[in-house]
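In what follows, a single structure is set out as structure tokens and then discussed.
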Amino acid sequence: TGVVSQAIEDGLAASVPGEVTRLAGPTRYETAVEVATYGVDEAHLRWNGVALATGENFPDALAGGPLQGKKGSVMLLTHTAVLTASTGQVLEDEKRDIAKVRFLGGPGAIAEAVRGDVRAILE
């Protein structure tokens with residue numbers, strides 16, 4: 001509720017048909033895992049083709065979100081210099097369904113070490 005207040009959620013629930021579902025985690029990284037998992041479980045998206053963007057700045061994730069939706073896949077966030085634990089864990093858990101990964105942004109956004117860690121998880 002620190003990002004989207006309860007009042008906003010209540011207003012949406014009162015004004016739009018259907019159910020309003022809050023997806024959240026303790027940090028933006030865990031929230032991204034929750035959103036991706038929901039997308040796969042409820043919106044017919046896939047883990048294959050998952051994109052990773054830095055959670056330390058928003059433009060790559062913002063620009064990549066529509067691409068991921070069009071491609072039928074999901075997006076996760078990571079720290080720039082170190083693979084975020086929750087992101088690494090979900091990649092490990094879902095690796096049987098991942099044959100392709102997209103890294104959004106250059107090495108200043110997602111360091112080569114993080115890319116290597118992702119490749120190692122998916123081997």
Side-chain angles (χ1 to χ4, degrees):
T1 57
V3 176
V4 178
S5 72
Q6 187 63 48
I8 297 290
E9 181 180 347
D10 295 344
L12 284 170
S15 64
V16 299
E19 182 179 328
V20 173
T21 302
R22 180 181 289 273
L23 302 173
T27 70
R28 66 187 69 190
Y29 305 97
E30 285 85 7
T31 298
V33 169
E34 292 296 321
V35 170
T37 301
Y38 182 89
V40 170
D41 292 347
E42 303 294 332
H44 309 292
L45 297 176
R46 299 179 308 276
W47 287 108
N48 192 36
V50 61
L52 272 76
T54 181
E56 296 176 28
N57 204 350
F58 69 90
D60 295 333
L62 183 64
L67 170 68
Q68 287 307 105
K70 183 168 176 57
K71 294 289 188 179
S73 190
V74 294
M75 183 182 325
L76 298 169
L77 300 176
T78 185
H79 293 291
T80 295
V82 177
L83 182 62
T84 304
S86 58
T87 301
Q89 186 60 59
V90 77
L91 290 171
E92 177 70 37
D93 294 346
E94 303 300 336
K95 70 181 182 179
R96 69 188 175 283
D97 294 327
I98 302 171
K100 183 178 187 179
V101 174
R102 293 180 184 93
F103 295 101
L104 304 179
I110 299 178
E112 289 299 331
V114 173
R115 294 167 194 249
D117 289 345
V118 169
R119 288 184 195 103
I121 288 170
L122 297 177
E123 288 181 345

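Just the heavy atoms: all of them, side chains too, but no hydrogens, waters or symmetry mates, feed the values below. Since this is a predicted model, take the numbers as computed values, not measurements.
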Report task. Assess whether side chain to side chain contact (heavy atoms under 4.5 Å, CB included) is satisfied between Glu94 and Thr37, documenting all intermediate values. Result -> CA-CA 10 Å; Glu94 303 300 336; Thr37 301; over 6 Å; no

**Report entry** Trace of the side chain to side chain contact (heavy atoms under 4.5 Å, CB included) decision for Leu77 with Thr84
**Finding:** CA-CA 8 Å; Leu77 300 176; Thr84 304; over 6 Å; no

Requested in this report: Begin with the C-alpha distance, continue with both residues' side-chain angles, and end with the deciding distance and a verdict on side chain to side chain contact (heavy atoms under 4.5 Å, CB included) for Leu104 and Met75.
Outcome: CA-CA 10 Å; Leu104 304 179; Met75 183 182 325; 4.1 Å; yes

Query raised in the report: Does the side chain to side chain contact (heavy atoms under 4.5 Å, CB included) test come out yes or no for Val90 and Trp47, once each step is laid out?
Result: CA-CA 10 Å; Val90 77; Trp47 287 108; 3.6 Å; yes

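Shown here for Ile110 and Leu52, the closest heavy-atom pair between the two residues is CD1-O, 3.1 Å. Smallest separation of non-hydrogen atoms from Glu123 and Lys95: O-NZ, 4.1 Å. Considering all non-hydrogen atoms of both residues, Leu122 and Leu91 come closest at CD2-O, 3.9 Å.
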Which atom pairs, donor and acceptor, lie under 3.5 Å between side-chain atoms of residues 60-67 and protein residues at least two apart or in another chain?
none

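Surrounding CZ of Arg102 are more than 12 heavy atoms belonging to other residues, nucleotides or ligands, all under 6.0 Å away. For Lys100, the NZ atom sits in a loose shell: 12 or fewer heavy atoms of surrounding residues, nucleotides or ligands are nearer than 6.0 Å.
A search for ring-ring contact (aromatic ring centres under 6.0 Å, His included) contacts involving Tyr29 returns His79, not counting sequence neighbours. Glu34 is linked by a side-chain hydrogen bond (donor to acceptor under 3.5 Å, both in side chains) to nothing, counting only residues two or more places apart in sequence or in another chain.
Note: the hydrophobic cluster containing Leu76 also contains Leu45 (ILVMFWY, side chain heavy atoms under 4.5 Å, direct or indirect links). Ile98 and Val35 are not part of a single hydrophobic cluster, where members link through side-chain heavy atoms under 4.5 Å apart. Both Val4 and Val16 belong to a common hydrophobic cluster when Ile, Leu, Val, Met, Phe, Trp and Tyr are linked at side-chain heavy-atom distances under 4.5 angstrom. The hydrophobic clustering, which links ILVMFWY residues whose side-chain heavy atoms are closer than 4.5 Å, places Phe103 and Leu83 together.
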